[in-house]
Amino acid sequence: MSISQNLQKIRSFLDPFKTKLIAVSKTYPADIILEAYNSGQTDFGENKVQELMSKYEVLPKNIQWHLIGHLQSNKIKYIAPFIHLIHSVDSFKLLKEINKEAKKNNRIINCLLQIHIAQEETKFGFSEEELFITIQSEELKDMKNIQILGLMGMASNTENESQIKKEFQHIQQLFNQIKSSYQNDRIKMEELSIGMSSDYKLACESGSTMVRVGSAIFGSRNYL
Ligand SMILES: *Cc1c(COP(=O)(O)O)cnc(C)c1O
């Protein structure tokens, strides 16, 4: 199937009033991204700053770019002028640095806090304990150039659907808890970024507002 057919198939499953499709274009060249763009896709996700920058430079400027991979403090400055949403904020220190760079650019940068929900040790993200320390921090109140818009998580890489469901329900419960009890000027719970090619349908059952889908749109990636 073509990219536009893949996009159409996924969009037909999603409720457009609830869940936005972020096309994960990592490893794919700009001309392939343009093909998706020409089929009406305007939100794209990348996991590396350098790759995102080189695509940003050549692609249409009304694309909304999402950073979904681990971000190093020294690279924030490159994306700060234009990034639409950073899904992968995984430490308080990073939040502080994003605030600093956002201020230099006279912007408010939207962020999601990445929560570690998978069984695997290797995935980045806040633990539940770190999450609650962060959102209750006094220092956060003064970070006027960031807006925490929600949470992001990656489920375990497993065929076990009940495990994946359990992990999605866990992050959904954290999302709802923060939404009902911890919102303030810095924290507005609007987005729950869960679900990838293999599990976006399950994620929608757990209230996903953003699915990050790559290979189901563009085909499988070659890592060289
Ligand atoms: C690569 C990636 C995705 C998309 O993965 P697919 O399985 O290709 O849909 C989603 N989220 C993150 C954080 C990723 O790195």
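Whatever order the structure lists them in is the order used to number ligands and atoms, beginning at 1.
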Using 30° and 60° as the class boundaries, would you call the ring planes of F13 and Y200 parallel, tilted or perpendicular?
perpendicular
Between K55 and E46 (salt bridge meaning N to carboxylate O under 4.0 Å), is one present in this structure?
yes
Who are the side-chain hydrogen bond (donor to acceptor under 3.5 Å, both in side chains) partners of Q163, not counting sequence neighbours?
E167
Number the atoms of ligand 1 from 1 as they appear, then name those within less than 4.0 Å of a heavy atom of V213, with their elements.
9 (O)
Identify whether the distance between the nearest side-chain nitrogen and carboxylate oxygen of K20 and D43 falls below 4.0 Å.
yes
Counting only heavy atoms, which portion of R221 has something under 4.0 Å from ligand 1: side chain, backbone, both, or neither?
side chain
State whether the shortest distance between N or O atoms of S198 and N or O atoms of ligand 1 falls below 3.5 angstrom.
no
Which option wins on minimum heavy-atom distance to atom 14 (C) of ligand 1: K26, M196, R212?
K26
Closer than 4.0 Å to some heavy atom of M154 - which atoms of ligand 1 meet that?
13 (C)
Report, in ascending order of atom number, the atoms of ligand 1 lying under 4.0 Å from any heavy atom of G214.
4 (C), 6 (P), 8 (O), 9 (O)
Where the side chain of D199 meets the backbone of M196, is there a donor-acceptor pair that is under 3.5 Å apart?
yes
